[in-house]
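Chain letters run A, B, ... following the sequence lines, proteins first and then strands; every chain starts at 1. Since this is a predicted model, take the numbers as computed values, not measurements.
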Number of protein chains: 2
Amino acid sequence: MARAKPDQQESHRTMQVVNHVRAMIENGTLKPGDKIPPERDLARTLLISRASLRTGIGYLAALGVMKIRHGVGTFVADGPPDFGQDSLSFIGALHGFQSWQMFETRILLETGLAALAAERSRDEHQAALAEEVAEMFASVDNPTEYLIHDVAFHRIIAQASGNPILAAIMETIVSSMYDSRRKTVERSIDLRESAGMHREIYRAIRTRKPAEARRLMEQHLRMAQEAQGLERPVGKRGPTSGEKNGSADESQSAL
Amino acid sequence: MARAKPDQQESHRTMQVVNHVRAMIENGTLKPGDKIPPERDLARTLLISRASLRTGIGYLAALGVMKIRHGVGTFVADGPPDFGQDSLSFIGALHGFQSWQMFETRILLETGLAALAAERSRDEHQAALAEEVAEMFASVDNPTEYLIHDVAFHRIIAQASGNPILAAIMETIVSSMYDSRRKTVERSIDLRESAGMHREIYRAIRTRKPAEARRLMEQHLRMAQEAQGLERPVGKRGPTSGEKNGSADESQSAL
DNA sequence: TTTCTTTAAGTGGTCAGACCACAGTATACA
DNA sequence: TGTATACTGTGGTCTGACCACTTAAAGAAA
């Protein structure tokens, strides 16, 4: 019984706007950072009402493709690609994602990313990594500052992997973990040791040792996970029969 | 210089709706498949205009959290979690994702998923996998039917992994590759051999051999990739100067 | 001139109410 | 009994007005 693909496209007008923008992106008329015409103008151009246009723009904004700035204008998103601010967070709330699952996902992604970076990174990436490592060592006494370079380091690895899809996924995961990471970093933790691990990862990438880069990255992330007190519960293979979710057990939804 | 996190939240009213729905999801008032009140009612409840309410609903629909059915109502999404229909496709168009990158991502995810499934799968998952394998063998002469069971097989592995986040990402990737896969499967390819490989993967999972499950899954996917004639191009790391995309070169934008 | 304040223009955000389009059900008619 | 029609409920679109934020220009004060 081949059930047909549902394919519930959004309403006609919305799709009209979405497709229009998409076409402009695909043929190069619109690039990241560009500003699109004012709503009133664009609506007139597309022969639709401003309300409908706004529906379409809102849709694109939700996907993270457009950035809207009140009183200024609407722009095509730039910077590292991601899947939108709330997407993961929201789906997580809906399906009860747990923080150990976030970490597991992150480890799988970043170990792969590190290995790829060891194979494909270019000089510019390696230089950037070296710089971030240096900055990390320079800010071991400033947790807030340190975190910025930590994030930058992992982001550069993602870029160096040569796979923007993996990078985008990683970006989405990491950004939704940002808050809890900040708290963790701010309360103690040996930043000097952490910086040292980053340096080792950098060296493995620079000397093109994928297996070692992978191993070091995994070691680093598992340590970070433990520091956050989120060791994966033992035994228990997924929810057994009952209790899909008790209402509000705070230890869970760390999204 | 720690630049502050931009954090451009959407407009006030939109967030009001989003947060309201989110709260209802988090406290269990709203569950997958549930219908939310009619727009006119809900707008009155939240003391906002219907237009603003619709902006918020549209936002949620874009994230894949809500499903809107014209003339029927608006529902909380059910079924396997994903990141929305267009998200990957659109971001891909914006950043020039290529099909070999899709495959690379898929391989990384699914090999990890297979290994986890070998560790954590329960009887029900194994039974479901066995059934899908049987169905695949039974439909080796019906490509369309075969694909359905193929997809189901991989989806069950994702579930069996016990990590819904990885499953959701996988779901998003796979669904955006669905079209090109259908074409591939429909034109030749030895489905009997393919079914055999799935059976081997199933056996590795059933006998709890993560490493073997991973190896077999990788082998399977690489073969599928080659069948699609999408071997990763050599040299060329990212788009050089010119020719981002000629209009309709089918080999590239397999999104 | 320089600086601060005020004003204006441009752009997105919200509102109100009307009407259109679709899906499912109830009703009337054959 | 069965088919065609009308009705009801729900989302989709339109119009046009007004609000809120941002920026820059114009004017006033130093």
Nearest-angstrom distance from the residue atom CZ of B/R13 to C1' of D/dC19: 11 Å
Rounded to the nearest 0.5 Å, what separates atom CE in A/M102 from atom CG in B/L166? 11.0 Å
Going by atom types only, do A/N163 and B/E104 share a side-chain donor-acceptor pair under 3.5 Å? yes
Does the side chain of B/L191 reach to within under 4.5 Å of the side chain of B/F137, using non-hydrogen atoms? no
Out of curiosity, B/I157 CD1 to B/Q159 CD, how far, rounded to the nearest 0.5 Å? 11.0 Å
Under 4.0 Å from OP1 or OP2 of D/dG12: is there any side-chain N or O of A/T55 that close? no
Send over the distance from A/M15 CE to D/dG12 C1', rounded to a whole Å. 15 Å
Please find the earliest and latest nucleotides of DNA chain C, in the 5' to 3' direction, that have an atom within less than 4.0 Å of any heavy atom of chain B. C/dG13 to C/dA23
Can you find a heavy atom in the side chain of B/I165 that is under 4.5 Å from one in the side chain of A/I91? no
For nucleotides 6-11 of chain D, read 5' to 3', which letter fits each nucleotide if B means a protein heavy atom sits under 4.0 Å from the base, S means only the sugar-phosphate is that close, and - means neither? ---BBB
A/S89 versus B/R22, side-chain donor and acceptor atoms under 3.5 Å: yes
Taking atom CZ of A/R69 as the centre, report whether more than 12 heavy atoms of other residues, nucleotides or ligands fall under 6.0 Å from it. no
Could you check A/H154, A/E131, A/E132 and say which one makes a side chain to side chain contact (heavy atoms under 4.5 Å, CB included) with A/H149? A/E132
